[in-house]
Protein chains: 2
Amino acid sequence: MADSDTGGAEGVGAPAVRPPTDITRGRRPSTTREHIARQALDLFDRRGFDATTVDEIASAVGISRRTFFRYYDSKRDVVWGEFDAEMVRLRDQLMGAPRDEPMMEVLRRAVVATNRFGAGELDELRIRMGLISTVPALVAHSAVRYAEWCDVVADFVARRVGGSPKSLGPQTVARAALGAAMAAFACWARHDSDDLTGEVDRAFRLLATGFDEKPLRLWVTGDPQSSSSGS
Amino acid sequence: MADSDTGGAEGVGAPAVRPPTDITRGRRPSTTREHIARQALDLFDRRGFDATTVDEIASAVGISRRTFFRYYDSKRDVVWGEFDAEMVRLRDQLMGAPRDEPMMEVLRRAVVATNRFGAGELDELRIRMGLISTVPALVAHSAVRYAEWCDVVADFVARRVGGSPKSLGPQTVARAALGAAMAAFACWARHDSDDLTGEVDRAFRLLATGFDEKPLRLWVTGDPQSSSSGS
DNA sequence: TTCCATTTTGGCATTGAGTGCTATAAAGTC
DNA sequence: GACTTTATAGCACTCAATGCCAAAATGGAA
């Protein structure tokens with residue numbers, strides 16, 4: 001009550017910062033999540049994630065340690081950035097697909113679509129993905145951050161094949177799909193394949209064939225050091 | 001430098017405890033990993049993982065906090081128990097399979113085989129699996145603990161289809177397979193399906209068909225509460 | 001201008017995990 | 001009994017994360 005509501009069901013990672021409307025009352029925030037993320041990623045990239053303390057990040061941004069934790073719930077969360085927003089897109093993509101399109105095809109196209117990024121974002125994204133797939137603390141945290149992603153996929157699968165989203169079928173599809181996506185991300189972040197969506201597409205095509213060994217063209221693609229082009 | 005090495009490349013989870021042979025020199029250990037695990041799991045089960053401090057575990061066992069960390073690298077590692085030993089079995093199963101047997105069939109049988117447990121172990125295993133798949137800190141840690149599992153599978157796949165174990169194909173199979181296994185574990189730990197290997201088998205059969213929607217018999221199995229029969 | 005409500009910030013204290021160092025206790029050997 | 005080996009306990013320390021409260025900053029109202 002006593003609140004000029006305008007919707008604003010957006011404050012997932014930003015607790016009190018970023019009010020729903022642009023009313024400017026009270027003290028203005030001294031920084032932004034984006035600014036903090038840029039400074040932090042720069043430190044992570046140069047000194048390493050574990051070797052960078054929250055105090056150093058806060059000091060680089062020009063805020064106190066306590067304020068840092070008002071913008072991000074943890075040091076790890078900085079690396080994920082605005083990941084939550086992408087989940088809405090994934091759900092829309094999955095639920096908006098025609099019923100007669102095969103399930104795994106919908107899934108593949110949805111994941112590919114939600115992972116298209118502009119050329120300007122790719123450098124920072126590669127740093128993020130590289131950290132997520134190599135630093136143990138972040139590899140660990142990814143399981144928690146991607147849990148909601150799994151829920152979205154499991155809901156979609158449950159609608160298609162029936163049963164509860166918690167039952168074996170939907171859960172297996174969701175977690176296997178997550179594995180495929182993470183494999184694509186990690187491979188893209190490792191070497192310099194500039195084609196992130198291509199890697200995702202290939203991973204999901206492999207998944208949808210049940211990893212059949214016969215179509216070798218699906219297997220010999222993303223291997224930069226061995227295959228010398230051709231074939 | 002200045003270090004009398006004796007080999008001993010076995011100390012993964014048990015740093016100084018448990019020497020390779022049974023020579024009894026020096027002070028004898030005052031407890032065992034198993035004893036600590038039992039006490040800790042009991043506390044986790046009753047009070048919750050996060051609400052249980054290492055001090056409480058140590059006090060329950062009758063050792064000091066510092067000694068606890070000589071038996072386990074972290075509080076989370078207690079829940080995994082002797083997980084490392086199973087990895088050797090998995091590798092043996094995978095590498096010992098005949099070349100003409102289909103890859104995904106070998107994988108399914110290997111994972112099923114390494115997850116057979118005696119009736120006496122199932123109660124504790126369910127507690128472990130329940131914690132691993134529900135407590136956020138453990139869900140997170142699972143990504144790190146299962147990384148080696150993924151490496152074993154990726155090595156196996158790379159031998160079959162060629163290329164580096166780090167390339168997209170093997171990585172995708174490995175991570176998707178891990179997802180399938182985790183889904184089976186979680187479903188088994190949730191409800192009271194006493195058939196753990198059955199769940200694993202079903203998950204890997206789904207995976208090997210590329211999650212084809214048509215064979216409905218694969219999808220409608222593990223769904224205890226809903227499924228009022230009829231579509 | 002002064003007071004007030006609102007919102008962000010910063011400092012302080014606290015908890016808890018995890019690590020390094022050192023002294024001590026227990027066991028066998030000479 | 002002296003010596004070596006091994007495990008333990010205790011202490012100090014770092015760092016992430018949280019709760020609490022006072023102070024600062026901003027706009028609006030009296």
Side-chain angles (χ1 to χ4, degrees), chain A residues 2-4 11 13-33 35-36 40 43-44 47-59 61-79 135-138 140-141 144, chain B residues 3-6 8 11 13-33 35-36 40 43-44 47-59 61-79 135-138 140-141 144:
Chain A
D3 189 346
S4 61
V17 191
R18 192 182 304 270
T21 64
D22 50 356
I23 49 168
T24 54
R25 294 194 46 175
R27 183 171 174 172
R28 273 168 300 196
S30 60
T31 184
T32 62
R33 279 171 66 90
H35 184 220
I36 295 176
L43 287 170
F44 295 160
R47 303 186 198 173
F49 179 83
D50 290 318
T52 306
T53 67
V54 174
D55 285 295
E56 289 170 338
I57 300 170
S59 154
V61 177
I63 58 178
S64 77
R65 166 192 184 70
R66 191 64 186 82
T67 297
F68 170 89
F69 282 110
R70 288 204 187 85
Y71 282 83
Y72 286 99
D73 288 338
S74 74
K75 190 174 101 173
R76 316 189 257 323
D77 282 312
V78 179
V79 184
V135 177
L138 297 173
H141 197 50
V144 173
Chain B
D3 191 343
S4 64
D5 64 348
T6 53
V17 191
R18 192 181 303 269
T21 64
D22 51 356
I23 49 169
T24 54
R25 293 194 46 174
R27 182 172 175 173
R28 274 169 299 194
S30 60
T31 184
T32 62
R33 280 170 66 89
H35 183 220
I36 295 177
L43 287 170
F44 294 161
R47 303 186 198 174
F49 179 82
D50 290 318
T52 306
T53 68
V54 174
D55 285 291
E56 288 170 339
I57 301 170
S59 156
V61 177
I63 59 177
S64 76
R65 163 196 183 69
R66 190 66 186 83
T67 296
F68 170 88
F69 282 111
R70 287 207 189 81
Y71 283 83
Y72 287 99
D73 287 338
S74 73
K75 190 174 100 174
R76 319 190 249 332
D77 281 312
V78 179
V79 183
V135 177
L138 297 173
H141 197 51
V144 173

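The figures that follow rest on heavy atoms only: side chains count, while hydrogens, waters and symmetry mates do not. Proteins get letters first, then strands, A, B, ... in listed order; numbering begins at 1 in each.
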I need the minimum non-hydrogen distance between [X] and [Y], along with the two atoms involved.
X: B:Val54; Y: B:Phe69; answer: CG1-CE1, 3.8 Å
X: A:Phe49; Y: A:Ala137; answer: CE2-CB, 4.2 Å
X: B:Val144; Y: A:Ala140; answer: CG2-CB, 3.8 Å

What's the [atom1]-[atom2] distance between [X] and [N], to the nearest Å?
X: A:Arg70; N: D:dC20; atom1: CZ; atom2: P; result: 13 Å
X: B:Phe69; N: D:dC11; atom1: CZ; atom2: P; result: 17 Å
X: B:Arg27; N: D:dT5; atom1: CZ; atom2: C1'; result: 13 Å
X: B:Asp73; N: C:dA17; atom1: CG; atom2: P; result: 15 Å
X: B:Ile63; N: D:dA7; atom1: CD1; atom2: P; result: 13 Å
X: B:Tyr72; N: C:dA17; atom1: OH; atom2: C1'; result: 17 Å
X: A:Leu138; N: D:dA16; atom1: CG; atom2: P; result: 13 Å

Any donor-acceptor N/O pair under 3.5 Å between [N] base and [X] side chain:
X: B:Arg28; N: C:dG28; result: no
X: A:Arg66; N: D:dG19; result: yes
X: B:Arg65; N: D:dA9; result: no

5′-ward residue of the pair A:Gly26/A:Phe68 relative to DNA chain D: A:Phe68
For A:Arg76 and for B:Ser64, find the nucleotide of DNA chain D with the closest heavy atom, then tell me which residue's nucleotide is more 5'. B:Ser64
Which nucleotide wins on minimum distance to the side chain of [X], given the candidates [options]?
X: A:Arg25; options: C:dT6, C:dG10, D:dT8; answer: C:dT6
X: B:Ser74; options: C:dT8, D:dA7, C:dG18; answer: C:dG18
X: A:Lys75; options: D:dA17, C:dT8, C:dG10; answer: D:dA17

Measure from the side-chain N and O atoms of [X] to the backbone N and O of [Y], and report whether any donor-acceptor pair falls under 3.5 Å.
X: A:Arg33; Y: A:Tyr71; result: yes
X: B:Lys75; Y: B:Ile57; result: no
X: A:Thr67; Y: A:Ile63; result: no

Does anything in residues 50-57 of chain A reach DNA chain C, meaning a heavy atom under 4.0 Å, and if so which residues? none
Close side-chain approach of B:His141 and B:Ser74, heavy atoms under 4.5 Å: yes
Phosphate oxygens OP1/OP2 of D:dT8: is one of them under 4.0 Å from a side-chain N or O of B:Ser30? yes
Closer than 4.0 Å, any side-chain N/O of B:Thr67 to the OP1 or OP2 of D:dA9? yes
